[in-house]
2 protein chains.
Amino acid sequence: MENKKKSTIKDIAAVLGLTPSAVSKALNNHPRISEKTKLAVKEMAVELDYQPNFLSSALRKGKSNLVGVIIPRVNSHFFSSVVENIEKMLNLNGYNIIMTQSNELYAKECQEIDTLLKIQVDGIIASMANETTNLEFYEKIKSRGTELVLFDRGEEELNVDYVGIDDYKSSHLVVDHLVSQNCKRIAHIAGFHHIRIYKERIRGYKDALEKWNLDIQDNWIIESNLRIEDGRQIMQQLLNAPERPDAVYVAGDIAALGALQVLLENNIKIPEEIALVGFSDEPFTSLTQPSISTINQHSDQIGKLAAEAFLNRMSHPKKKTVNRIILEPELIVRQSSKRI
Amino acid sequence: MENKKKSTIKDIAAVLGLTPSAVSKALNNHPRISEKTKLAVKEMAVELDYQPNFLSSALRKGKSNLVGVIIPRVNSHFFSSVVENIEKMLNLNGYNIIMTQSNELYAKECQEIDTLLKIQVDGIIASMANETTNLEFYEKIKSRGTELVLFDRGEEELNVDYVGIDDYKSSHLVVDHLVSQNCKRIAHIAGFHHIRIYKERIRGYKDALEKWNLDIQDNWIIESNLRIEDGRQIMQQLLNAPERPDAVYVAGDIAALGALQVLLENNIKIPEEIALVGFSDEPFTSLTQPSISTINQHSDQIGKLAAEAFLNRMSHPKKKTVNRIILEPELIVRQSSKRI
DNA sequence: TATTTTTGTTCCATCGTTTGAACAAATATA
DNA sequence: TATATTTGTTCAAACGATGGAACAAAAATA
């Protein structure tokens, strides 16, 4: 009932009266093998339900055709969409991916990196956890000779290929839009400034305010992990303050959802009293009541480009120049900020 | 700067004047190796930053210490929590996991199974996609001699270890509760009945209605994929019908969220006009306004038990008896159904 | 016909680790 | 002291696939 033992090239060779090496060459379309034998071998391979042994070929070739993908949370449309597109692209090129999540924890991220290196992936495509400031483990990837590509959350000092959007410009798009809607007191629920993308969003926000001659109030820039509870708590804090903002720009959609809940619970009119803009274009932003304005980060593009960057590295291993791809952000205006 | 070549047991052996095999045995705590040598080997291993070559040892041992986990969606608290607990348990026992998602698609699921088999995982722990009716690929896992454990969505005919909750009883809990809140016209937004767990929920729902002498209306049992749009659309459909239900029991929280949105958009008082109960205890159910009553499926327990089932199989490979673990569901009553 | 080239295959070492068997040295038992 | 047992290590053969070198046979060129 159960044909326990899997067949190997040896079995095929035995049946056909060939050597294993001839079979291997036939399967790999070696030019010196006759068409006749190739055909016979391939037919027999199907017949015996032969599955190449990944471990042995990877060991021999020193190449696993596996790529590790590390993302902070899998439970986010942006990240899962990026992964989906990485996978699509890599599958086309004979690679399989192994997806792991850090849950935004530095310790977990280190562990995942170790696991991936242990399994001997050919490369790692990653977006860093919020907690991560020590780049030691990423250096380790590089020093092991494993390819590394970063997307979204990546640090320049690592000096590796990177794909992301122009975060500085995103903030300008948001502020410009809010100003056009007659908002004058714009607060920013930010991510931690030790992460480059959030630092850039903060910088863009400040520069844009300055551009429009608006006050920059330090207590209107509040950094957090951007979880839903963070959004709720910080929004409450902003409402309790002596002077309320008339617009809130949140550096993540999940936190924006939390902020929205608090606004609704306090019967605040959106966008009339306070306008709200999120970041990432998570699907739920179009489903809330009111729907939330946000920034589209082109997750499909990012995934595809990150995969291509990896493939490029693999085909040109000597190339030293680092490639940084920065995409244009796109503002999506919805009910939560459309006053006019 | 980059110490390209990774060290092997050969390198350690060379430095210490031993053979590779002695080093291997020392690292694996073989009883016949002296403590002195073990110590020396282990120190040198650290010094040379030795990382065991996973590929070669897996090849030699015929065991990869890798477990594949297939879930329908990663973007769900239930599933990601199960995976987290599987991982925790397996890591403690020297296994690493590879997480993959089917996106509820049969084709994707088959592809993931093939990838996992190719990588030669020691076992697969899976919850089946909504689409899956053909069990051929799961049979393939078994016939390859790879261990298989199913959780939540699993079919009995596969005859493998299973961990899940008592879905039939869950429906009784929900209906009993709704009846206690004076609901008399209870509709059911269901999953597809070709999936065992949804079939059981439907069966439980019907039997419970019968128990309370309530009418079973066939047009009040509507099957779907239970996505957010499904919940929205079906709720709208129920509202448009000549006779409206006074309670809706949704077989999934995401769809329940969609239903809630539609109820709110139509200014229907919850739970007074229509009470709502979901399924799975996704975190957002406690955050919505009103919060949603739901069923706790004990995702942490399920993950732990599924991992243990796998570990058991590995340590007793000959055991033929199949283990089905059925946990007790727990009803969590929140605002959306608390009339009294 | 003698020689070179091409073609199709086999031979063999290799990737890094593991493991049973073999063996010498040290220790215990008679 | 002779023999049996234990201890610590080496030897050699795997695991399955790969690929360069070697080699014989067939075909092409002189």
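So you know, we letter chains A, B, ... as the sequences are listed, proteins then strands, and number each from 1. When reading the values below, keep in mind they use all heavy atoms of this one structure, side chains included, and skip hydrogens, waters and symmetry mates.
Residues B:Lys142 and B:Asn159 have side chains that never bring a donor and an acceptor to within less than 3.5 angstrom of each other.
To the nearest angstrom, P of D:dA17 lies 12 Å from NZ of A:Lys6. Note: NZ (A:Lys63) to P (D:dT18) measures 13 Å, nearest angstrom. Atom NZ of A:Lys10 is separated from atom C1' of C:dT10 by 16 Å (rounded to the nearest Å). The separation between A:Asp11 atom CG and D:dA17 atom P is 9 Å, rounded to whole Å. The distance from atom NZ of A:Lys61 to atom C1' of C:dG16 is 17 Å, rounded to the nearest whole Å. In this structure, the CZ atom of B:Arg60 is 10 Å from the P atom of D:dG16, given to the nearest Å. Distance B:Leu16 CG to D:dG8 P: 17 Å, rounded to the nearest Å. Here C:dG16 presents its P atom at 15 Å from CG of B:Leu48, a figure rounded to the nearest Å.
By the 4.0 Å N-to-carboxylate-O rule, B:Glu104 lies close enough to B:Arg153 to be salt-bridged with it. Between A:Asp49 and B:Arg144, at least one side-chain nitrogen of the basic residue sits less than 4.0 Å from a carboxylate oxygen of the acidic one, meeting the salt-bridge criterion. For B:Glu112 and B:Lys108, the salt-bridge test passes: some basic side-chain N is under 4.0 Å from an acidic carboxylate O.
Among the atoms of the strands shown, only primed sugar atoms or phosphate atoms (P, OP1, OP2) are found under 4.0 Å from some heavy atom of B:Leu18. At a threshold of 4.0 angstrom between heavy atoms, the contacts of B:Phe54 with the nucleic acid are absent.
Looking at residues two or more places apart in sequence or on another chain, you find no side-chain hydrogen bond (donor to acceptor under 3.5 Å, both in side chains) involving B:Asp152.
B:Ile70 has its side chain within reach of B:Ile124: a pair of non-hydrogen atoms, C-beta onward, lies under 4.5 Å apart.
Against DNA chain D, the stretch residues 25-40 of chain A makes heavy-atom approaches under 4.0 Å through A:Lys25, A:Asn28.
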**Study point:** Worked check of side chain to side chain donor-acceptor pair (under 3.5 Å) between A:Lys319 and A:Asn312
**Key:** CA-CA 9 Å; A:Lys319 208 175 67 180; A:Asn312 249 312; 4.7 Å; no

Exercise for review: Check the pair A:Lys304 / A:Glu308 against salt bridge (charged side-chain N to carboxylate O under 4.0 Å, His left out), numbers first and verdict last.
Suggested key: CA-CA 6 Å; A:Lys304 183 162 168 284; A:Glu308 282 175 349; 3.5 Å; yes

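Taking only distance into account, the side chain of A:Thr19 never meets the base of C:dC11 through a donor-acceptor pair shorter than 3.5 Å. Not a single donor-acceptor contact under 3.5 angstrom links the side-chain atoms of B:Thr8 to the base of C:dC15.
Remark: A:Ser24 is in phosphate contact with D:dT18, judged by side-chain N or O atoms under 4.0 Å from OP1 or OP2.
B:Ile119 and A:Leu55 get closest at one heavy-atom pair: O-CD2, 4.4 Å.
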Between the protein and nucleotides 24-28 of chain C, which nitrogen or oxygen pairs are less than 3.5 angstrom apart?
none

